[in-house]
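Encoded as structure tokens, the structure appears first; notes follow it.
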Protein chains: 2
Amino acid sequence: MPTATPVLGLRERNRLRRTRRVERAALELALEHGVDHVTVDMICEASDISPRTYFNYFGTKEGALIGPAPSVPDESLIEEFLHARGPLAEDLMLLMARSFLATAPDRDIFVMRRTLYAREPALQALQMTRMVGKRQATVELVMRRMAEQLPDLTETEARDEAQLVMSVAMGAFPVVSRLWIEESGDESEVEAYIHEAIARIRRIVSP
Amino acid sequence: MPTATPVLGLRERNRLRRTRRVERAALELALEHGVDHVTVDMICEASDISPRTYFNYFGTKEGALIGPAPSVPDESLIEEFLHARGPLAEDLMLLMARSFLATAPDRDIFVMRRTLYAREPALQALQMTRMVGKRQATVELVMRRMAEQLPDLTETEARDEAQLVMSVAMGAFPVVSRLWIEESGDESEVEAYIHEAIARIRRIVSP
DNA sequence: GTCGATTATTGCAGTCTCTGCACTTTTGCG
DNA sequence: CGCAAAAGTGCAGAGACTGCAATAATCGAC
């Protein structure tokens with residue numbers, strides 16, 4: 001009888017191993033030479049993969065540097081968000097944080113990535129750009145939850161409101177991330193950090 | 001005696017005229033065919049300019065679509081911001097709005113741009129990306145003002161705080177922009193719209 | 001106006017990113 | 001094993017972008 005854990009097939013395991021090898025190679029090269037002085041061919045040579053396959057995996061030159069696109073959050077996480085009754089912005093941030101943590105990135109790759117982001121802000125901007133792609137979907141999600149709790153808003157009002165909620169959440173995210181990394185790195189603390197960040201925003205916008 | 005207005009030299013005027021011609025051509029093409037199906041060569045053909053010159057002007061294919069990078073705000077505007085004593089986030093938004101308005105973009109180009117953004121969110125993301133380039137500078141600015149008013153913060157606290165202020169301001173910006181365009185388009189109203197947007201954020205983060 | 005100096009525009013050659021397509025190799029499975 | 005599906009690869013080519021050198025337009029002094 002096979003093990004109960006959903007063991008990945010050979011294909012999946014190969015793919016994962018390869019992905020990590022390429023990401024690691026790309027990050028090392030970028031940290032050493034700077035992003036602009038690294039070519040896809042260099043990455044491919046270093047990680048023993050064909051350029052064509054590289055693009056099949058990552059799509060763009062920067063793909064291996066900024067990591068996989070944030071996956072659509074789990075159905076269960078979404079459900080939880082929709083039915084939660086905490087402060088909206090905090091619940092949304094919790095959703096974002098949890099779906100990020102669910103990707104369980106390699107620790108060393110994660111650290112290299114952060115170092116690189118600090119050195120090359122353009123990359124971080126790129127990643128943000130990609131997140132904006134999810135923007136529409138996220139706004140819809142927030143609107144769905146608002147519809148259940150505040151059904152007396154017009155479409156436009158609701159959309160504005162949802163956009164603002166998302167902006168607040170995304171804006172507070174870097175601060176939460178910094179706290180999380182520097183203070184503990186413990187997942188259970190995330191909720192507290194989120195609360196803290198939102199409280200600061202409240203002070204900022206208080207008259 | 002020459003006129004009192006600082007009349008531009010022939011060079012400047014040519015450059016401005018050319019820029020607008022290219023931007024208009026690029027926007028028309030993008031609105032008609034979609035950004036991906038427009039090539040730089042097409043834009044150059046339509047606006048009677050050499051591709052090399054195109055890149056000298058705009059740097060990237062999208063440059064003509066998203067418009068010139070937001071210039072560093074006027075010294076006088078910065079001074080005003082630093083010494084204003086209104087709510088920090090609102091003053092910052094006012095600074096942003098005023099330095100945008102100072103660029104006095106063509107009305108029709110402005111409208112085309114907005115239409116295109118709505119149709120192709122990736123472009124808007126790009127523009128946001130470029131703004132992030134100014135992020136560092138803006139954070140410094142906010143910190144300078146905070147230093148005068150709240151001198152008892154540690155460096156890290158101050159930086160977090162400044163980042164949050166900027167996030168709030170940038171997040172609220174689209175809403176203000178929408179209000180401004182749809183409601184009146186009158187510059188004198190901007191302040192009221194900003195106030196309104198901040199008030200909404202306050203409600204959002206209120207427990 | 002003319003002329004030399006400055007600045008802008010352009011053509012060209014070349015590099016790099018990225019894509020479609022056809023072909024080969026690897027993997028999963030009966 | 002042997003066959004079908006999936007993944008990896010090579011190749012040709014389009015398109016974005018850059019450095020450099022040549023050309024053209026503008027400016028400022030005379």
Side-chain angles (χ1 to χ4, degrees), chain A residues 1-3 6-23 25-27 29-30 33-66 68-69 120 122-123 125-127 129-130 133, chain B residues 2 6-23 25-27 29-30 33-66 68-69 120 122-123 125-127 129-130 133:
Chain A
M1 187 161 191
T3 162
V7 66
L8 301 175
L10 178 55
R11 237 163 213 168
E12 289 302 311
R13 273 180 291 131
N14 272 344
R15 184 181 179 87
L16 203 61
R17 205 154 29 99
R18 236 185 198 181
T19 302
R20 283 213 262 249
R21 201 176 63 222
V22 178
E23 285 180 345
L27 284 165
L29 283 169
H33 301 108
V35 175
D36 315 335
H37 296 97
V38 175
T39 70
V40 172
D41 284 352
M42 285 166 69
I43 299 175
C44 293
E45 189 133 344
S47 52
D48 194 34
I49 197 181
S50 87
R52 193 61 187 83
T53 304
Y54 175 90
F55 281 107
N56 282 344
Y57 272 63
F58 300 104
T60 68
K61 170 186 167 182
E62 292 82 6
L65 297 175
I66 61 182
E120 315 227 16
L123 268 192
L126 241 189
Q127 197 210 21
T129 295
R130 204 177 40 178
Chain B
V7 66
L8 301 174
L10 178 55
R11 236 164 213 168
E12 290 304 310
R13 273 179 292 131
N14 272 343
R15 183 177 181 90
L16 204 61
R17 206 155 29 100
R18 235 184 199 182
T19 302
R20 283 211 264 250
R21 201 177 63 223
V22 178
E23 285 180 346
L27 284 166
L29 284 169
H33 302 109
V35 175
D36 315 335
H37 296 96
V38 176
T39 70
V40 171
D41 284 354
M42 286 166 69
I43 299 174
C44 292
E45 189 134 344
S47 53
D48 194 35
I49 198 181
S50 86
R52 195 60 187 81
T53 303
Y54 176 90
F55 281 108
N56 282 344
Y57 272 61
F58 301 104
T60 70
K61 170 185 168 181
E62 292 82 7
L65 298 175
I66 61 183
E120 316 227 15
L123 267 192
L126 240 190
Q127 197 211 20
T129 296
R130 204 178 41 180

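In what follows, every chain begins at residue 1, and chains take the letters A, B, ... in the order their sequences are listed. Side-chain atoms are counted along with the backbone in the values below, which use heavy atoms only and exclude waters and symmetry mates.
A:Thr19 places a side-chain heavy atom less than 4.5 Å from the side chain of A:Glu23. Residues B:Glu120 and B:Leu65 fail the side-chain proximity criterion, which asks for heavy atoms closer than 4.5 Å.
Atom pair B:Arg18:CZ and C:dT7:P shows a separation of 18 Å (rounding to whole Å applied). Residue A:Arg17 contributes atom CZ, which lies 13 Å from atom C1' of C:dT26 at whole-angstrom precision. In this structure, B:Asn14 atom CG and C:dT6 atom P are separated by 21 Å, rounded to whole Å. When rounded to the nearest whole Å, the span between NE2 of B:His33 and P of D:dG15 equals 14 Å. What separates CG of A:Asp48 from P of D:dA7 is a distance of 19 Å, to the nearest Å. As rounded to whole Å, 14 Å separates atom P of D:dC27 from atom CZ of B:Arg15. One can place CG of A:Leu16 at 14 Å from P of D:dA7, the figure rounded to the nearest angstrom. A:Asp41 has its CG atom 12 Å from the P atom of C:dT15, to the nearest Å.
If you take OG1 on A:Thr39 and NZ on A:Lys61, they are separated by 7.5 Å, rounding to the nearest 0.5 Å. Between atom CD1 of residue B:Ile43 and atom CZ of residue B:Arg21 there is a gap of 13.5 Å, rounded to the nearest 0.5 Å.
Listed for the A:Tyr57 side chain is no donor-acceptor partner under 3.5 Å among the backbone atoms of A:Arg52. Of the possible donor and acceptor atoms, none in the side chain of B:Tyr54 sits under 3.5 Å from a partner among the backbone N and O of B:Asp41.
Against DNA chain C, the stretch residues 49-66 of chain A makes heavy-atom approaches under 4.0 Å through A:Arg52, A:Phe55, A:Gly59, A:Thr60, A:Lys61.
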